[in-house]
Structures are given as C-alpha cells and as structure tokens.
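Following: one structure in structure tokens, then a few remarks.
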Amino acid sequence: MKVFRALILAVLLLVLPLAVRAAGLPDADLAKLVAGLAGDGFDDKIAAIDGLGASGDPRAVAILKALGDGKLAQTENNQVLIESSTGQFADAVTGAAVTPAADPDRIRVNNRLRGHIEGALSRLTLFSPDPQDRLKAATEALHRPSLDGVPALDQALAAERDNTVAAALKLARAAALVRSPDADKSLAAIKELTASSDPQVRALLGEVAGDRGADPKAVAAAKSALAGIDRRLALVELGVNLFQGLSLGSVLLLAAIGLAVTFGVMGVINMAHGEMIMLGAYTTFVVQEAFRAFLPASLFDFYLVVSVPAAFLVAGAVGVALERGIIRFLYGRPLETLLATWGISLILQQLVRSIFGAPNKEVANPSWMTGGFEILGGFTITWNRLVIIGFGFAVLGALVLVLRRTNLGLHMRAVTQNRKMAAVMGIPTDRVDALTFGLGSGIAGMAGVALSQIGNVSPNLGTIYIIDSFMVVVFGGVGSLVGTLAGAMGLGVVNKFLEPFAGAVLGKIFVLVAIIIFIQFRPRGLFALKGRSAEA
Amino acid sequence: ADDTIKIGVLHSLSGTMAISETTLKDTVLMMVDDLNKKGGLLGKKVEAVVVDPASNWPLFAEKARELISKDHVAVVFGCWTSVSRKSVLPVFEELNGLLFYPVQYEGEESSNNVFYTGAAPNQQAIPAVEYLMSKEGGEVKRWVLEGTDYVYPRTTNKILEAFLKSKGVPAEDIKVNYTPFGFSDWQTEVADIKKFASAGKKTAVVSTVNGDANVPFYKELANQGIKATDTPVVAFSVGEEELAGIDTKNLVGHLAAWNYFESVKNSTNDAFIKKWHAFIKNDKRVTNDPMEATYIGFKMWTQAVLQAGTTDVYAVRQAMYGQKVQAPSGFTAVMNTNHHLSKPVMIGEIQANGQFDVVWQTKAPIKADAWSPYLAEDKGKVADWTFPWACGNCTAPKYAAFE
Amino acid sequence: MTEALSTAQLYLDGITVSFDGFKALNALSLVIEPGELRTIIGPNGAGKTTMMDVITGKTRPDSGTALFEGRHDLTRLDEPAIANLGIGRKFQKPTVFENLTVEENLELALKDDRRIRHTLFRRLDDEQAGRLERVLGEIGLMHRRHDLAGLLSHGQKQWLEIGMLLVHDPRLILLDEPVAGMTDAETAATADLITRLAQYHTIVVVEHDMAFVRSLGAKVTVLHEGSVLAEGSIDAVQNHPRVIEVYLGR
Amino acid sequence: MLTVDAIDLSYGASRILRRVSLTARLGEVTCVLGRNGVGKTSLLRGIFGLQPIAAGRILWNDQPIDKLPPHKRAAAGLALVPQGREIFPRLTVLENLKTGLAAAKGETTIPDEIFELFPVLDKMLHRRGGDLSGGQQQQLAIARALVTRPKCLVLDEPTEGIQPSIIKDIGRVIRLLAERGDMAILLVEQYLDFARELADRFAVMERGEIVVSGNRGELDDEAVQRYLAV
Amino acid sequence: MRRVPLLGPTGWLVFLAAALVAVIVIPVLATVPAEGSALRLPAYLVPLFGKYLCYAILAMALDLIWGYAGILSLGHGAFFALGGYAMGMYLMRQIGTRGVYGNPILPDFMVFLNWQKLPIAWWGFDHFAYAALMALLVPGVLAAALGWFAFRSRVTGVYLSIITQAMTYALLLAFFRNDMGFGGNNGLTDFKEILGYEIQAPSTRLGLYIATAVALGLSFLICRFVVTSRFGRVLLALRDAESRVRFLGYSTTGAKLFVFTLSALLCGLAGALYVPQIGIINPSEFSPGNSIEVAIWVAVGGRGTLVGAILGALVVNFIKTWLTGAAPELWLFALGALFIAVTLAMPHGILGLATQLRRWRGATPAAAVGETAHD
Ligand SMILES: Nc1ncnc2c1ncn2[C@@H]1O[C@H](COP(=O)(O)OP(=O)(O)OP(=O)(O)O)[C@@H](O)[C@H]1O
Ligand SMILES: Nc1ncnc2c1ncn2[C@@H]1O[C@H](COP(=O)(O)OP(=O)(O)OP(=O)(O)O)[C@@H](O)[C@H]1O
Ligand SMILES: NC(N)=O
Ligand SMILES: [Mg+2]
Ligand SMILES: [Mg+2]
C-alpha cells in the first residue's frame, strides 16, 4: 500500500512540473495526495506536500496553509478536514461541510514539514493573482535555488508584468542557474547576481568561488562579484550599527526621560522611577487584556494607542499620590528622598508581584509593530524598534515644549530652583510640585508602554532600567534635556559600535569605563551649565 | 512540636529569580497541602517553612543554615540557579541536611546531601542536538551556541562542543557567544546569528540563555524574522512558564528540550495539572519541567520517609535509592545511586498557544550522568553513594578493600 | 613697568575674561603696591568680582598676566595654592560654613599648616586660642561662638567672614563689599578696622558705599566695562565726569 | 493697609520676635531699622508666610492673611524683594521676570518702565540670573517684584550692592510709587540716609521687639545713637 | 578650645560596654552554657552576627565619606567585594587537592575552563599575609586612583556618585565574565580552611567573629580620630562649601582623596572578614543595588554620626534576616514601609531620634556618644 502510494506520487512529481499552469487536478488525484498528508510517517507527508506543491491546483494552497497553521485534521476513518477559524470543519478536497462524530485529530507538523510546506506554497503562489504573494514566492525561490525550479520560474517570468516581482524572479532564476552544467549559463547567472546583496546569494557565490572543480572563469566572476557584495555589505553594516545604536539609545532615552524630570528638574533622587516604568508596562498589559476580552479582534491592534495615555495617567496618578503623601515632606533633603523612594520601590515591586504574580506577563506586539523589513544584505529593520525610536523623540519633544514654552514649565523650574521664593512670587508650589512629579512619573509610565514591546513585563522591570536611567541623565548633565538626549544616543551608538568587536559584555564594560573617563573631562556631564549660575 | 514534620522551602520570592522560583515554592506548598489532606506523613502533619533568599546568593547559604539549625527542617526543597546551589552546598554538607534540587543543570557534581531531580546535560542537551542532526530535525550542520555567561551554559556548551566535534563538525561551523544575565538588547546578537546562518548550511541555535534575557531574545528573533524552518532555536531553559510571558505567534516551530511538557497526555499529568489549577486558583497557569521535577522529588522523599519510618537524613537517603515515581511525563522516574534521576527526554516545538508539541522523545528514561563522558577531566569518575563506592567524585571505590 | 613687576604686591596686566563672547574683563591692568590700601568702585557688572575671581584662582583669564609679589603666576596656581601664598578673600555674598559653629569656622581659617598630616594631629595652641578669642570679640559674635553659622543673620555672616580673614592673617586681603547690609555705625567700625589692618597688610576693597570709601581715605580705582576708567583720590574720582555719568549719577 | 498685630516668631526653641506690631499704609513708605540680627528679615518672613508665626495676626486690608500659604498672599498683592537677592539662578533674566506674572492677575507682559529703570536687564535679557553680578541680581530682584503689580511692596535692604546712581533711581521710584497712593511700601534698610529720605514712618527694632516708632521727623539722633550704633 | 576628645566619658563607657558584649559576652554564651539550654547562643547566629559586624564596618566607612565629607559613593560595595575576593582567593588556594578535580594548584573552575597555568593575578595568594595585604591594597589603590582623577577634576555630587556606580557596575560585569579568571557568576566558594583551621569548625567561626568585632572597634576609633580632628572639621566644611574651603588654602583634592582611600581600606577589611564567615564571594556583591543599600543603612541609622551608621547596618540587616524568614512574602512591604517611616518620622535616622528625645528631655545632644554631628 505504502509503496504503491509512493510510486504514484513519484510519477506525479515527474509529470506535474510540466503542467504547472494547468488549472488543477482531477478530484481523485488531489484526494490521493491529501490522503498522503494523513499518513503515519513524515516521509509520506513530505511526498504529499511536494506533490501538492507541484500540482498547481489552486485548492492545494488552502490545504497547505491549513496544514501549516495546524488547522488540518483527520477523522478516525482518515478523512482529511480543514478547520475554519470559527471551528467548523470541511472536507479538504471537496470543501463540503462535515460534522465529525468524534473530535478529529490535528495533523501534526514539524519544522521539516513546515519547510516543505513553504516551498510548496511558494511554487503554487508563483502564479497567484496577488503580486505580493508572487514576490514572496520569488524570494522563497531565491532562498531555495534548484535547477528543477527553473522552468517554472521561466514561465512565471514570461507572464510577469510587475517590475519588482520580475526582478526578484530574475534573481531567483539566476541563483538557480549558478549550478547549471552549462558553463555559459552559469557564468551569465553569476554576472547577474553581482547586483544582489542577499546573504544567500553571497553564500552561493562563495561556494562557487571556493569550488576547485569549477570553471576558472566562473570562479573569477564569482570572486569579483563577492568583492562587490562585501563592499556594499560593509557600508550597510555601518548603517545597521547606527540604527541599532539609535534604537538602543531610544530605549535608554525613554527609560531616562521621566527621570530627567523628577531628578533632573526636581532634584528628587527617585529610586522608584523604574517602578513607574513598570507600572506603565503593567498598564499596557491590562489594556491589552481588556481589548482581548471586550473588543473584537480587529481592534486589537489599537490597544497600544490606548495604552499610552492610560499608562501616562496611571503612573502619573501614582506619582502625584506619592508626591503628596511622601516626597513633599522631603524637599531639600535629597538623601531622604533616596531612602524613601527606595522604600517605595520595594513596596511597588512587591505589590505588583502580589497582584499579578511573579512570572512575566505576555504583552504582544500589535501587528503593525511585528516583524520588520529587510534592507540590503539580509539585515532587518524591525518595526517595533523603529516605532520606539520615533516615540522616544516625540516624548522628548513634547516635554521640551512643556518645559520651555508653558507657564507650567517655567513654574516647575522656578520652584525647584528656589521653592520659597517661588511661593513668594505667587506660584502655587504644592500644585506645581505634584504636577511635576506626576509628569515625570507619567512619562516614565509611557516609557513602560514602549519597553513592554521589546522586553520583559515583570515586577523587576524597573530595576533593570534604573541604573541606566541615572547613568544617562547624569552623563548628559543633570537638568539638561538635550544632554539626556545626547547621553542616551551617545551611549547607545557607542555601545553598538563596540559590541561587534568586543562582545556584549566587554562592550558594556568599555562604555562604563568611557563614562568614568569622560566625566573627568566634563565633571558636570555632557551638557553642563557653566559659569556662576551652575554653582548657585 | 513533635506532631509536625517541618520541611524547608528555599526559593527566591523577590529579586530577579522570583519570576521562576515563586512557582516552585507554590508547587511545594501544593504537594504539602495534598499530603496533609491525605493524613500527613508518619501520622504527623507536614509544615512548610518558607523563607525568601531574595535572589541573593550568600543569603541562600544563610537561610539554608537557618532552616536546618533553627527550624530543624527534615528536608529542603530549593534553589534554581547553579550558583545558589553551590552557595548552599557547604552548608548542607556541614549540617548534614538534605536538599532536593529541581532544575536542569550542568552536572559535574554529586553531593551526598543533594538529590538532583532536574536534568543533567545528557538528559537534555545531547539528545536535543542529536535530534537536530537527524533527518527529522533538519540535518543541521552549523551551530550557534548562545548562552548566558555562567556555569550552566558554559558547561553545557563545553560538553556540546566536545560532542559536536566528536561528530565531525568543524570548528568554523560552531559559534559560541555569551551575554550577561538580564541582557536585553539583542539586536546585534540576533543579526550576527542571521549572518552566521546565511552561509548556505543548515544552521540551528542552541540556547542556554537563562531567565530574564529570554523574552527580549525571542522578541528580537521573531521580529528579525528568524524562522524555525530556516534556523530553529532549541532552548534548555525556556519552558511553558517562560513562554507564558512571550507572544508565541511568531515563534512557532522553535524548540525546547525537557523531560516533561505540559501538553503530554496521560492520567498522571492530567491529575497534576488539575491539582495545580485547583491549588493556584487560576486555570491559566501552566506547569513546567522544574515543577514536575519538584513533584517527583517531593513524592520520592515522602515515599522514602514512609519506607524508612523516619525523617532521619541517613535513613531517608538510603531509602531514596531506587525510589520510583510515576511522573507526569508519563514515564517512571527512578532515583539512582548517583543522586540523579532516570528520566525521559522530550523535544517540543513551540505552538501558537504557548504550549509545546512533542516532536520527538526517548523510548525509555535516560539515566543522568553526574560526570560527562565527553570531558577529559571527568575520565573514570564515578558518582555512586552506595557500597562499595560511597562517593560522588571518585575513580576508585572507597571501600574497595572489602570486595 | 618691569620695576613695578618685581616690587608690586599684585600685578595685573592685560587681563581679559570673557563669557560666551561677553568680556567681563577687558585688558585690565592694575598694580597694587605692598602695604597699600586700595578701593575699587565701578558700576554693577563692571568686573570687580570677576577681577577677584581671577586673583584667587577661581576664574582663569583668557589672556593676561597676574603676578603676586612679582614671583607667583596666579594664572597657573589653583585656589588652595594661591590662598597659601597669603591671599585671603571675603566674598560679595557671605559664604561661611553653615554646618560648623562660629568658632569652628574661625578655627579652620586660622593661619596654620594646612597639610593633611598636620590637620589630623594638630591641636589649638595658646597663642592661636588667644587670637580666636580676640577676633570673636572684635566681630561681636562672642555670645554666639557655639552656634551654627547657618543660623546667623545676614549681617552676622558678613562679620564672621571678616573674622575669618582676621585669623587667617593673609598678606593680601581682598574685600568684596564688606559693609553691605551693615548699619552706618557698623560701617564706620569696619572702616576703622580696615584702616588698622592696612598698617600690616595689603588690602583691596570693593564697595559702592561712597561714604565708606571716603572714610578709608585711600586711592580709588574706577572700573568700567572690564577696564580701568579712572584712578586717583576720592575727590578726583568723584568729580570725574565719566564716573559721575556711569556710576555716581546726578 | 498691612497690619501686623502682635506677632511672635521662633526658630525651633529660640524666640526671635516678641509681640511685634506694625502697620504699613497705602501711599506711605514705612521703614524698619535695626542692627544686624534683631529680627527684621524674620519679621518679613512672617509676613510672607515663609516662617510660621506662633502668635498674633497679620491683616491685609483688614482681611486676615496669616493662615494663607505664601502664594495666596502674593496673589493678594504682596510682593517681596528679599535679602540676598534670591533670584532663580538657572532661569534667564526674562524668565525670572516672568515668574512675577504668576501673581499679576490677568497681566501677561512685563511693563516697559522696568527696563527704563534697570536698562542693564534689558541688555541681559537672555543671560541666566545666576551669571549676573551681585548688583545686577539685586536689580533683577526688585524688578521681579514690580512685575507682580504689587499693592504692598516689601523690600529687605534693596540697595545692598547697588551702584550709587541706581540707588538714587530706586529711591525716586519708591517715592513715585508711594505717591501714586495705591501702594503700601515696607522698607527694611540699614542705609540710614536712604531710609531717612524716603520714610514717611519708621520703626526701630531691637532684639525682636519694636522699640521706637513714629513719623519721619520723630527719628531723633538719640534713638539712632541708642539703637543703631555699635 | 582643645581638640575634641576622641570620646566623651559616657562615650567611652558605651564603647567599652559594647565591646564587652561583642567580644566577651557573646562568645561566652556561644560556648559555655550547655547545648540546648536557654542561655546558649545557637551556633548559626555566630556567623550571622559576624556578617552584621562586617556590614557595620562597611556602613561606617561609607558614612565617613558621605556623612562627613559629603561624597556619596554608590560603589562602595566594590571595595568590599574586592577585599572579599582577595580573601576568597586565599581560601581557594587553601582547598588544595580537596577540590572536585583534585588539582593541587588550580581551583576547580580553572580546571574546568581548561586553564593550564595559574593566572598571574592569583600568584602569591596561597600566603595569608599576601592575601591580607591585597585585601587592603587593591581596594585602596583603586580608590586612590579613581579618587585622584575624580577629585582632581572636581567631579562632585551626583557625578561622583555615578562614576562610582559605573565603576562597580563595570567590575560586576567583568567579574561575571568567566574569562576574567575569578570564577564567573559562581565566584569562589566551598572553602575548607583558613590559616590551617577548618573553616566550618565552631571555634573558627567564633574566632572570625571576634576578629570582626575587634576590627569594628578599631575602625571606629580610627574614624573617630579622623572626624574629631581639625581634619574632620575640614571634611564637614567641604561637605557644605567645597570651593570656600579651597579659598582658605586647604587642598580639597588631598583631603577627599585621603578619606576616600581610608574608607576603601576599611571596606576591603570588612570584605576580607566577611567572606570566610559567609562562605562565598561572587560578582553580585558588586551589583549597584548592594552599594545603594549600604547608603540606606547609613541613612536609617543617621548620617554624619559613626554610631548611627553602625546602628543602621545592624538594625536594617537584623530586620531583614528576621523578616525574610518570618514573613517571606511580605517582608518587602515591611522593609519599604520602614524606610519611608524613618524618613518621615526620623529625619536624622535612629540616632537622630535618640538625640531628639534627649534634647526633648533637656540634656545636651551630643554628650552621650560624644559625637559632633551637625546635620
Ligand atoms: N558666567 C557668566 N556668563 C555670562 N556673563 C557673566 C558670567 N559671569 C559674569 N558675567 C558678567 O560679567 C560681568 C561682570 O560681573 P562682576 O560680578 O565681575 O561685576 P561686579 O563688578 O562685581 O558687579 P557688582 O558691583 O554688581 O558686584 C557682569 O555683567 C556679569 O553679568
Ligand atoms: N533659620 C534660622 N534658624 C535659627 N535662627 C535664625 C534663623 N534665621 C535667623 N536666625 C536668627 O534670628 C535672628 C534674627 O535674624 P534676622 O535675619 O531676622 O535678622 P536681621 O534683623 O534681618 O539682621 P540683618 O540686618 O543682619 O539682616 C538672628 O539672631 C539669627 O541668628
Ligand atoms: N542550573 C541552572 N539552570 O542554572
Ligand atoms: Mg561684584
Ligand atoms: Mg536681614
């Protein structure tokens, strides 16, 4: 039985590529392939998947997708069913609705199968009406170059109208032809690949360049192509390092910005700053859960948009409460604020631990912050990082506006510089203090929203960032927002440029030592106040 | 009082390790609760003495001393990180206490006062790599060993490197990288992995990244588009509990190797999960391997106490050898005379729902090696605490003369 | 000029100090002879305090020469070194150690060896103790000797700072507005004190109180926009049209 | 009219003011004199609520203000030029002046007269307050108080550190303000000539108490000798 | 106006009484009464007390620079840890062939990392005298170097705090690295003997405890000597108005460097005494949080008084020990609340409270302990 099935498949495999554009298979053939998916061994399944991929049958796409998503099931009598998102079942071949007697077993897949499913899907979608699908298929083909695939690519190329897709197809075709026994074709293919910076292509060319048995002309061409690619990649890598540095910098910036208010402007050594960030992250979690529980899935992506003001309000309110309840009794006694805020931080951590439990909470990236886009050379710019960079600058910009352009900002600064005199000038110091601390805390809360998108949401979240935050604010120069920005970005970029050479740990050590040395030259930080006013 | 038996629970409830360890504290409490409901032990009530060593290693030693000397506990369930175990080890040996250690670790140890119910490297790391080398696992040729810089990953990677080389993997196809505890900015590391993986050979990442660093690591993996079909990541410290803190939609297919997964179907496991949900009063809480190891350890200890008729450490220790427990993994775990377990090894793939699908498992339990056969310095070392060896670290039996 | 250079107690030449392009001192030159008492006046912001900052090492000039006793280049020394040469200063805004007692403030200012070894083991000798007593009396703070200096009133702090100069006994004394906030009677007493001190010390006084300046009876230098506008006797200066215009008013 | 009615004030255990009473009427300059440390500044601190009073009352236009926080007193029209300048060092001159707008109901601008009186401030509008010279800071402190459009202007040794020509100007302004008739001015001053020239009334303090008070003419040499000499 | 006495008469009385309890009463209670009798001090408390006393030295050392000279170091844990590592290295070498891999020269972790030779940094540590010297010298030299650069460049206030924090953070990361050769995350542990005495023997424990008590007493007297001298006055002045001190002719750089280094030496001493009693030294001792905690002890006890610092260290750590056992899930609430309560109700710490009470009863404040604490 098994042997027989395999035999059929083999025949199909040989014949089908020639018929790729055929509208589809007879139901019986399709049914046979589909039955293979429910086979016992992985080898059987793979043969069936490859068969489906080669079938060109539009129905195969849905079946394979369902298989990959774990939505394909089999009944006791080996009928293969597709489960819809609403939990209904339908026969995979006929599409007829089925109500299975017992719960059908999900057909399991593993990575090896997933690889084949992707390959098969890419073949099938090479002719999809959606250019996006076709582009994906072409890229997939580039990453799995095989001479067998060339005829299909040729066909697709002939029919292709979209320039981008056509270019991708050409590249994929060239990649497949590199190993062509025909020396001329191979050489032409290598030349064509010179323009690519794809790491897969690079690897392919590397193989040719290192292959002693290969045609010397091909080797030479491959070598020169490689040199070109490497030059381009070096540049790209520089840019990527810069991006990563800015990205790390923006994380530091966000972590530090609230502290730049509570510590930088108000002078409160706020050891509970990290916990404000944590509160923001937990607020994000709660908002997310609320969205999941009460709103349709289509709105889920907006949960983050709601989280930002929510986190600002929650952390800000806690900040105001702390200021009114504790901090305000401690102005002019920075040491005591250190002690009290440390106590606050312990309590907040344990409180969150008691309410939400000690383990991490899951906070999902909304789809618009998931994944990334590849730039040259296989490097990926991830959306969440990009959004966070933008967010960091936006928050800083808004804060600068508040502090520089509003009366509240003026009053905040006046109050911290001379509380008594500010009161005499008619500034309601109590309210300004509460608002300032609330603002700093609220900003920390917003940072928590951003940080929940790249790291842990746990009761310890704050302790991770507190040291770095102080480092950034002080390094930049206490009281200077520009300094905070420069400090954060500087440290981020330097760190990321060191990391490739020194590794993560040594890199960080170097950065710390650099800070120590740097402070010797600028004892009051990067953007220090100079002159008499600094001493006052 | 004389009508209670005290047992110590030495897991961090605050600090960085609380994330993982609180669950184990709850597991012990659940087991105690269960035991007391069934009438206790030797006719006495069992009382758990919980302390918080606060993720502070010296404090672990101090609290261990307090538990044994002041509270006179009969046994201690505790520790997660290897360093905490190393820190308390001298205390347990000095005061002749008994520690059950439930976490997978690097091996290279066998103390008369510790029973190790987590996996040794040969029960986790080696099988996982073997799986990836197999056809089913994708015939991986190139390896990234990514770990947190401390003893467990270092040891595991050292053993793995020796193993891989013994299988003919050339040095240039192995990349080892360490990051510190709590590392959070994985951009460069993940980009490097991508680069390493794009050399045309099938590549896998073996992750011994521990603790807090995992969430940002996986988020970065997902966002930079490292797919399990291209470059699978197999982890030894990421279980259901860790996954509960990560959005797994984009991680489907990445792997973990353990001796237990919550998704395993058998009646023991069903009961275990049910008991857990009832105890913790939350149906969403998952179970994981260290919890199962705690479960096994606790069961074995109660059985040994019953058998010995006392909680006396000497007697209980003797009774422990050969102790069998029907484990939630579906297999029978056995305590060996090297103070380590025989347990099955399972490889699971991450699913979108935060659970693992077992894609491979051993046919039978594997016996843990306290000393690795792949390391030169471990040549000839034997851990066997019964006559005539009576030793955890010897090349000749202590009582050879009696033979 | 070279002669002045070697014999002058204080020799400033071409001193320029600028802050973000604003020249607080502009090629200022000034020579103070040993034992001289000199008063300096000038509009607010003329650079008087800045000049003292330069002399005491607080501010490094952009250019120019500043020599003490012809030998010591003040632009190269730091504050403690300059103080140890024998230059003492009273600040415009009274600065005392608020968390030390009045007596301890004075003790720290005592003329003595200032190296660590010495300060660790040194006890007050009778001569020093006597001097402390005398000065406490002179500045009228005897009854507050054990009080923290931070609790003094504004004027009392001024006196304490003068007291610190008295026990320090430097060769060159710089006084920045010593009588600000004093009553007229106290002002007169201070003038008296300064005249007595001037017998053994070189003194530079900055003041706006013209009656006080007159009572000192010393040569007056008028600074304006960072350089010397006029110099001479009080009468000459008071009738100088530019001085009247920019400083005294009509 | 500002009325201080038998107030006591202490720092910790030490009583500084004993039953001090004083009035400052609209259109008049009331001058407080006294040696160093007798409690002049403490009295002003009490008036502005910077130090709590232990007994007595403070009234502004017959309304008690001693329970109000300082900023409410400012809103009621009181403005202080404190001893020791107390400008905001890291705010620019302009920003320092703008803080005065907080108490100036409805006003959003800094009156031009201020720059006429203190031209140097106009020149240094964007310099940080703390960078100014001592005298310039003192001018700024006075200007800042004027920005609030006070009904009751209180000055604590305002001439300290200011060059003679500007002292004269300040004197003229104070006179002018007083003569407008809608402002009460309370001046603490050591500089006797200046005080004598301006004061409509005076009060002399000695060890926390007011020992002599009266109209301008009544400050005789004997009192000066007794309470103001060393 | 003589020099302030080292201690007033009452001060000496208190000092001697405390010394008596620490060095005689406690050891007697730990050995003489029969095991199990109510008077007998349980054995597990001896190393615990020893730890508290080590922390007390550490807190006092921090107070010396923070409370008196106004230098807030957020990296003092580093000096402590370095002293501890020096001692730990000696103890490691004493293990000899008793290690897991039985190598007579190399500690286990080196064997494990395939090291062939003892790194130079480890040379000489088999001699106690050398290790003891290093326990002082390494923190001392590091402090002197960092201090020299920082104080010379006039790095003050939070900027100094941050570079000390950066220092300890960098050391934390460095010591975490297994490649550094100090045992990585695990650090050094499983010690066997010190100066030939078995490290776990009760008598050794007691001996170490007494040594710590004596060290604390001596350190206290040294610090007292410093703060009661005119130099102490210079420090206080420095704290309030550093530049003014310079204009008086005192080298503030020198003064700060001296106390900073002295303070680091005391930390090294404390660390060296800590390790054999605790049995482990690892990089987490370098973690910035630890150093911040030291500052907290000082603040709780009362900054600017040596006794306050000692008291703070003892009280906070005792409470911590007690609560982590008695209320493992709530202790952070309790400790946090304590810190807040202390700041709000006792602005000058526990000792300040005592002073407040005494002042309230009319006695002169500083008399009892003879301390001049103006804060
Ligand atoms: N850091 C600085 N930035 C900008 N300008 C400054 C700075 N420091 C001083 N100045 C300016 O330098 C000038 C000289 O100031 P200085 O204090 O020396 O004046 P002065 O003669 O002492 O005045 P006064 O009589 O008011 O005390 C002033 O105009 C002041 O504003
Ligand atoms: N914060 C304080 N705590 C304790 N005592 C103080 C405080 N401020 C001032 N004093 C004391 O109160 C008394 C009065 O001080 P105040 O400043 O009111 O004097 P004054 O009359 O303004 O003197 P001056 O003319 O010197 O400015 C002084 O003896 C002073 O030492
Ligand atoms: N043993 C571990 N995982 O540290
Ligand atoms: Mg001046
Ligand atoms: Mg006054």
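Every chain is numbered from 1, with letters handed out A, B, ... down the list of sequences.
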>> Ignoring hydrogens and geometry beyond distance, is a side-chain donor-acceptor pair present between A/Y331 and A/E323 at under 3.5 Å?
In response: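 Checked: A/Y331/A/E323 side chains pair up, N/O donor to acceptor below 3.5 Å.
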> Does a donor on one side chain sit under 3.5 Å from an acceptor on the other, for D/E160 and D/Q138?
Replying inline: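 No - no donor-acceptor pair under 3.5 Å links their side chains.
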Does any heavy atom of chain A fall under 4.5 Å from the side chain of [X], the backbone, both, or neither of them?
| X | answer |
| --- | --- |
| D/L132 | backbone |
| D/R128 | side chain |
| D/R144 | both |
| D/T108 | neither |
| D/T99 | both |

> For atom CZ of D/R57, is the number of surrounding heavy atoms from other residues, nucleotides or ligands below 6.0 Å larger than 12?
Replying inline: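 Open: at most 12 neighbouring heavy atoms sit under 6.0 Å from CZ of D/R57.
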> More than 12 foreign heavy atoms under 6.0 Å from CZ of D/R19: is that the case here?
Replying inline: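 No, not enclosed.
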>> Here's a test for you: under side chain to side chain contact (heavy atoms under 4.5 Å, CB included), which of A/L408, A/L410, A/V265 qualifies with A/L403?
In response: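 Passing option: A/V265.
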> Would you call D/R15-D/D8 a salt bridge at under 4.0 Å N-O?
Replying inline: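 Looking at D/D8 together with D/R15, the answer is yes, because their closest N to O distance falls below 4.0 Å.
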> Which residues in residues 426-443 of chain A have a heavy atom less than 4.5 Å from any heavy atom of chain D?
Replying inline: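 The stretch touches chain D at A/G426, A/I427, A/P428, A/T429.
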> Which pairs pass side-chain hydrogen bond (donor to acceptor under 3.5 Å, both in side chains) with one or both residues in residues 37-51 of chain D, sequence neighbours excluded?
Replying inline: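 As it turns out, the side-chain hydrogen bond (donor to acceptor under 3.5 Å, both in side chains) pairs with a partner in residues 37-51 of chain D, which skip direct neighbours, are D/Y11-D/S42, D/Y11-D/R45, D/T41-D/Q83, D/T41-D/D156.
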> Within the distance-only criterion (no hydrogens, no angle test), does the side chain of D/D122 pair as donor or acceptor with the backbone N or O of D/F115 below 3.5 angstrom?
Replying inline: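 No, because the side chain of D/D122 does not come within donor-acceptor range (under 3.5 Å) of the backbone of D/F115.
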